[in-house]
Amino acid sequence: MITNESLTEFKAVFKDSQISDKDDQHPLGNTGRVMVFPKTEQEISAILEYANTYKNTVFIMGGGTKRGFGGLLEKADILLSLAQYTGIVEHNPGDMTLTVKAGTSFQEIQTYLAPYKQKVPLDPFIPEHATMGGIVSANDSGPKRLGYGSARDNVIGLRMVYPDGTLIRSGGKVVKNVAGYDMNKLFIGAMGTLGVVSQVTVKLRPIAQYESILFVSFSERSVEEIRAFASKVLDSMIEPISLELLNPSLAGKLTNINQYTMLISFEDVKSSVQYQENVIKSIVPEKTTLRSLSQNEATSFWDDFYHHQPNGIANITTTQAVLKIGVVNLDAIKILQEAELIADACHVSIEAHGGLATGICHLTIRGAAEDIVSVIRHIRKSAKKHGGYAVVKHLPFSLRKEMNVWGEKTAAHFLYEGIKQKIDTNEILNKNRYVGGI
């Protein structure tokens, strides 16, 4: 533990790094007794080596958007912020690959790539604050995961700093690199419990010439009708970038139509997009409302969409939670409808959307603390009934102490524990941030 004496020593050792010893009592927790802002990979390595030697616990933070995601310790000895460790390391437009420092915000990267008519094919929430390191560590994705894939699909190489300060590289810098084990997937989604992401190499894709969104709103809340139409779309030859169902609360907030609404988005050359739109228009059921958004309107909609969830940097005025649920793709419809019934019974509001081809749902819950806890438990039972899982992505620290935000341990949990013990022997890094308290 860092004391006043050791804090003085810490400041002397890392005098070239910005250090703050302000005691941050954030309601989401995951803070530190001392906050340090390294600017180089060597500084990150030295800080971790120091912490490992003196058995100081370390939390990692990028833009702070995921501060409420996991974590059973309110405060570590050291909060290592990557806010000043930013920038483009290498860009190969011809190979369509990019290497960036982990603290670089997603929006900054997309802005840099725009003149090259390229982009990183990911769609995280709060893109102007979400960093590449945080996106990779949480394996964050949105509705465009259907067309883009996740970080596990798009990251081709990582530079990591192990808890003892050792630098390692996994993967490579070219798409065709297949040498050795795919270590990238071990670190992606590990919530920073195995090492600090230093650099990320991703494959790029061209910016589509045209983008559009179709909204199909169902006046009658029929699971069978929504499922039948979704099946038609999935069985057709079209290739939407996203196929997402919005519940009435979220649809009303984003589209002013308080009905179950299917969001179908396309990205391609304009003629291809229009062809696929016409296919949808030819198969929409009766008693539905069809609305389309053009290029500029679609851009504006997505900007609103990726900011509708509570996060670690937003002003906190009410108790809020975000649940991520995974089920078999079309069972997302049942999850959204069952969540609506649970919300009414427990007197909370739920804004929800679910991927009809991925099965990944996100539910934003607002209400009294005890009601939110009750809702999470009910929805977790519902997800389990459908053979899925429910993870709490955002919750105040006081409530995270009351419940298991990751759900029950799986049969493979001993493997996770063994890997953690092998890499982080002193258990200093993001302790209790991952499944089963790892």
Side-chain angles (χ1 to χ4, degrees), residues 93 96 110 113-123 127 141-150 153-154 175 203-220 222-246 250-251 254-257 259-306 328-330 332-333 336 353-361:
M96 299 194 72
Q110 301 294 62
L113 290 170
Y116 299 91
K117 300 188 184 307
Q118 295 178 340
K119 66 179 180 181
V120 177
L122 294 170
D123 65 328
S141 63
K144 293 185 180 182
R145 180 174 180 148
L146 171 60
Y148 290 174
S150 68
D153 301 302
N154 291 290
V175 176
K203 55 186 178 183
L204 308 175
R205 73 161 56 188
I207 294 176
Q209 293 183 20
Y210 193 75
E211 176 182 10
S212 76
I213 297 175
L214 291 181
F215 293 117
V216 181
S217 299
F218 296 79
S219 57
E220 298 180 4
S222 168
V223 172
E224 291 75 20
E225 185 179 26
I226 298 172
R227 177 183 284 269
F229 178 60
S231 296
K232 278 187 178 181
V233 175
L234 292 171
D235 289 340
S236 70
M237 297 297 290
I238 65 174
E239 296 183 348
I241 291 296
S242 57
L243 181 64
E244 202 82 0
L245 183 66
L246 314 182
L250 184 58
L254 298 177
T255 71
N256 295 319
I257 300 176
Q259 297 175 350
Y260 277 101
T261 298
M262 196 177 298
L263 182 165
I264 312 168
S265 71
F266 301 101
E267 293 180 8
D268 208 328
V269 297
K270 190 171 184 178
S271 59
S272 175
V273 168
Q274 290 177 336
Y275 171 80
Q276 294 181 86
E277 287 180 332
N278 289 333
V279 171
I280 296 296
K281 292 173 183 178
S282 70
I283 61 174
V284 290
E286 296 180 359
K287 298 181 181 179
T288 59
T289 303
L290 179 66
R291 177 188 170 198
S292 63
L293 299 185
S294 61
Q295 178 92 34
N296 293 336
E297 293 172 322
T299 300
S300 178
F301 169 83
W302 284 123
D303 184 59
D304 291 339
F305 182 92
Y306 291 119
V328 175
N329 54 5
L330 292 179
I333 303 168
L336 264 59
H353 58 96
L356 301 182
T358 63
I360 296 176
C361 310

I'd like to know if the side chain of [X] pairs up with that of [Y] as donor and acceptor (distance under 3.5 Å, no hydrogens or angles considered).
{"X": "S271", "Y": "Q274", "answer": "no"}
{"X": "S292", "Y": "E277", "answer": "no"}
{"X": "S242", "Y": "S265", "answer": "yes"}
{"X": "D303", "Y": "S300", "answer": "no"}

Measuring from [X]:[atom1] to [Y]:[atom2], what's the distance to the nearest 0.5 Å?
{"X": "L330", "Y": "L234", "atom1": "CG", "atom2": "CG", "answer": "6.0 Å"}
{"X": "R291", "Y": "I257", "atom1": "CZ", "atom2": "CD1", "answer": "6.0 Å"}
{"X": "H353", "Y": "L245", "atom1": "NE2", "atom2": "CG", "answer": "11.0 Å"}
{"X": "L243", "Y": "L356", "atom1": "CG", "atom2": "CG", "answer": "4.5 Å"}
{"X": "I213", "Y": "I264", "atom1": "CD1", "atom2": "CD1", "answer": "11.0 Å"}
{"X": "N154", "Y": "L122", "atom1": "CG", "atom2": "CG", "answer": "5.0 Å"}

side-chain contact (heavy atoms from CB on, under 4.5 Å) assessment of V269 paired with Y210: CA-CA 5 Å; V269 297; Y210 193 75; over 6 Å; no

Heavy atoms only: give me the nearest [X]-[Y] pair and the separation to one decimal.
{"X": "P121", "Y": "R205", "answer": "CB-NE, 3.7 Å"}
{"X": "K232", "Y": "I283", "answer": "CB-CD1, 4.1 Å"}
{"X": "E225", "Y": "P285", "answer": "OE2-CB, 3.6 Å"}
{"X": "S212", "Y": "V273", "answer": "OG-CG1, 3.2 Å"}
{"X": "A332", "Y": "C361", "answer": "CB-SG, 3.5 Å"}
{"X": "Q276", "Y": "P240", "answer": "OE1-N, 4.2 Å"}

Taking side chain as C-beta onward, heavy atoms only, is [X] less than 4.5 Å from [Y]?
{"X": "D123", "Y": "W302", "value": "no"}
{"X": "F301", "Y": "T255", "value": "yes"}
{"X": "M96", "Y": "P206", "value": "yes"}
{"X": "T261", "Y": "L250", "value": "no"}

T299 backbone acceptor or donor facing E211 side chain under 3.5 Å: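 Side chain of E211 to backbone of T299, a donor-acceptor pair under 3.5 Å: no, none is there.
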
Heavy-atom donor-acceptor pair, D153 side chain to S150 backbone, under 3.5 Å: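 Pair found, side chain donor or acceptor close to backbone of S150.
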
Ionic contact status for E267 with K119, cut-off 4.0 Å: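 So K119 pairs with E267 through a salt bridge.
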
F266 and I238: CA distance, side-chain angles, deciding distance, side-chain contact (heavy atoms from CB on, under 4.5 Å) verdict: CA-CA 9 Å; F266 301 101; I238 65 174; 4.1 Å; yes

Step-by-step side-chain contact (heavy atoms from CB on, under 4.5 Å) determination, Y260 to V223: CA-CA 10 Å; Y260 277 101; V223 172; over 6 Å; no

Verdict with supporting geometry, D268 and I241, side-chain contact (heavy atoms from CB on, under 4.5 Å): CA-CA 10 Å; D268 208 328; I241 291 296; over 6 Å; no

Atom NZ of K281 with >12 non-hydrogen neighbours under 6.0 angstrom: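 For K281, atom NZ is crowded (more than 12 foreign heavy atoms under 6.0 Å).
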
